[in-house]
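Just follow the structure's listing: the first ligand is 1, and inside any ligand the first atom is 1.
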Amino acid sequence: MKMGEQSYERGKLEIRLKALTPIWTGGVQGINDCLRETGIAGSLRWWYEAIVRGLGGTACDPCKHIHELYGKSLQQYKEALRQGNNWWQALDTAGLCDACKIFGTTGWKRQFQFKIRDETRLLWEPPPDALNVRPPDRTRGWFMSPGRVERVVLQFTGKNEVLGQLASLFLFVEKWGTLGAKPQLGYGVFQVENREAVKSRATKWTQKDNGLPGGEDNCPDLRRFGFFRFRFRPERQNWWSWLPALERLLGRTDTARVLKKAAEEGMVPVSPVLKNEWRFNYWKGPFRIERWLFGTSLGKENRVRSKIGASWAYKNGDEWEVRGWVWFPEQDKEKRLIPGEYHQQIWEAVRDVDLWCAALKVKKGELQTWPDVELWRKWQPDEVLSFLEGRQ
Ligand SMILES: [Zn+2]
């Protein structure tokens, strides 16, 4: 079925999730007091845009307000409808990108609504407000807030074809993405509990041909991503207590209590440990590129988001798992080209199984990356498509 063919048939889609790592949707005074709709919708749009661009289509940067439906574009939309086009095609004529069509923009509302049945709770009740995970060679470390765990039910309503796309999006995000904020620190990994029902609603991804050849300047694009997953069976149940950055936290009653509790629930905040290895012990290059790729929290204005996200370690049956992604942007903020050798360094670091084992103090583990290549290169839309379909 092509988009737009069943324009007015509305339906429902229920997605039941269980958090595998805490979900963070922002909150008052640093405490994520409930799951927020904006935090969930924002992360869904971010991944949807990355997919659309990766498949060769266009998705605008929502901060730039490029696509709006009023004045001339609104006239074009109405005219296209009059000529018998469906809503999707009519919005094409009006110049809206696929992300704006579904997630909305000025003059065009979001094409789905949802209610949250929030059955989550904080991973731990403060104090402490956060765990300061600080590897021995760092002065500051990373602050990990509790976030929300357990179950949540999302009840979507909207046109069936839009819900079909959302179902596909959720299946992708479940496998490789994250929900909510702080993806770089590994929050928001989840499992879809009613996967079969969601699968039966999912529409197939298709390649698109209306995108810019090189992709949008600084926007996430799956063609410029790499994904990784490390699975291990630790010999000791408290394997994590051998990591110096976490061992430190066992020295205080309050931090020891919440760390042990988190580990008992199958969630261990190892993302800082890995990021520390990759950034400070492996990567070598100019500071401006380092900042752009690994991020910085220096002041709100200059804040740069890390282009690498690693999850917490979470329990998956008898095994533990850590997964994540690297986004290799072509240019930095000032549109200066980032030489491929720097991408390659990061790619080699995430593909280094010895580094994983040493960082997590485990004897062995199974490391998989997509793409499974030694030399990272940008992917073509058809390769992105087969990745989305699970063929790669
Ligand atoms: Zn747009």
Quiz item: Does Glu9 pair with Lys159 as a salt bridge, N-O distance under 4.0 Å?
Solution: no
Quiz item: Taking the six-membered ring where the residue is Trp, are the ring centres of Trp205 and Phe172 under 6.0 Å apart?
Solution: no
Quiz item: Does the ring centre of Phe387 sit less than 6.0 Å away from the ring centre of Trp370?
Solution: yes
Quiz prompt | Quiz item: cation-pi between Arg279 and Tyr282, 6.0 Å / 45° | solution = no
Quiz prompt | Hydrophobic cluster membership, Val322 vs Phe190, 4.5 Å side-chain cutoff | solution = yes
Quiz item: At what distance, to the nearest 0.5 angstrom, does CG of Leu274 lie from CZ of Phe230?
Solution: 9.0 Å
Quiz prompt | In the protein, N/O/S atoms that are found under 2.8 Å from the Zn ion (ligand 1), waters not counted | solution = Cys60 SG, His67 ND1, Cys97 SG, Cys100 SG
